[in-house]
Amino acid sequence: MLETDLLVIENAALGKEPENLRFREFLSDYGNEDVDAAVFRLNDTVSAAIDCTSCGNCCRSLMINVSDTDASALSAHLGMTRELFEEKYVEKSPGGRMVVNRIPCHFLEGNRCSVYEHRFSGCREFPALHLPGFRERLFTTFMHYSRCPIIFNVVEGLKKEMGFEQP
Ligand code: SF4
Ligand code: SF4
């Protein structure tokens, strides 16, 4: 049974901080390929069972990167000039890095993305459990463990599948 209640997950994550640190250590005894294979399998099942449009928590709580290609594609979709798009929706660092200038994201309507087909590349990738190298991204994955039900359930499934001892 998957846990999808955001409040329950947030509270559980607080209580599981020491356990998760131990689990990260535990994973260092395994090879990337073994861990990735298990994560891919779990992610396929969990992602298919969780409806992101009933959640939207990443869109409500994360700073979203905007690449040059993303900005061009979405401004074209919205029928705006790049200049106006950046003025309305983007904050630029002195080094030229772009992020959406509001949290929650401007394009979130209820729990749904209003520009889903044209959403930013980082949105398409998140929570990145389909990508190889899970063990190399433990810091960012666990940073989002308390906010993303997909991550939470995949990690909890992984603990069981790998025989990690839980209190
Ligand atoms: S563009 Fe869409 S998917 Fe990306 S953060 Fe905004 S609302 Fe969410
Ligand atoms: S990716 Fe995670 S946090 Fe974002 S909407 Fe889906 S389940 Fe929620």
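None of the values given here were measured: they were computed from a predicted structure. Indexing begins at 1, ligand by ligand and atom by atom, following the structure's order. Heavy-atom basis, side chains included; hydrogens, waters and symmetry copies ignored.
- Those atoms of ligand 1 with a heavy atom of F107 less than 4.0 angstrom away are 7 (S).
- With a 4.5 Å cut-off on side-chain heavy atoms, R102 and Y89 do not count as touching.
- In this structure, F107 and F85 have parallel ring planes: the angle between them is below the 30° cut-off, well short of the 60° mark.
- Between S72 and R82, the shortest heavy-atom contact is OG-NH1, 2.8 Å.
- Other residues, nucleotides and ligands place more than 12 heavy atoms under 6.0 Å from the CZ atom of R24.
- Atoms of ligand 1 lying under 4.0 Å from at least one heavy atom of I64, given by number and element, are 5 (S).
- Counting non-hydrogen atoms of neighbouring residues, nucleotides and ligands closer than 6.0 angstrom, the CE atom of M63 reaches no more than 12 such neighbours.
- Distances under 2.8 Å from atom 6 (Fe) of ligand 2 pick out the protein N/O/S atoms C52 SG.
- Scanning C113, C59, P104 for the heavy atom closest to atom 2 (Fe) of ligand 1 points to C113.
- Proximity of I50 to F152: side-chain heavy atoms (C-beta onward) are nowhere separated by under 4.5 Å.
- The shortest side-chain heavy-atom distance between E10 and R147 does not fall under the 4.5 Å cut-off.
- Residues F120 and V115 fall within the same hydrophobic cluster, defined by Ile, Leu, Val, Met, Phe, Trp and Tyr side chains chained together at heavy-atom separations under 4.5 Å.
- Within the listing of ligand 1, atoms 7 (S) sit less than 4.0 angstrom from a heavy atom of L108.
- Counting backbone and side-chain atoms alike, C105 contributes an N/O/S atom closer than 2.8 Å to atom 6 (Fe) of ligand 1.
- Protein heavy atom in closest approach to atom 4 (Fe) of ligand 1: C123 SG, 2.3 Å.
- Residue F26 qualifies as enclosed at atom CZ: its count of foreign heavy atoms under 6.0 Å is above 12.
- Taking the six-membered ring where the residue is Trp, H77 and H118 present parallel rings, their angle staying beneath 30° rather than reaching 60°.
- Each of the atoms 3 (S) of ligand 2 lies under 4.0 Å from some heavy atom of R147.
- The distance from ligand 1 to the heavy atoms of F120 drops below 4.0 Å at these ligand atoms: 1 (S).
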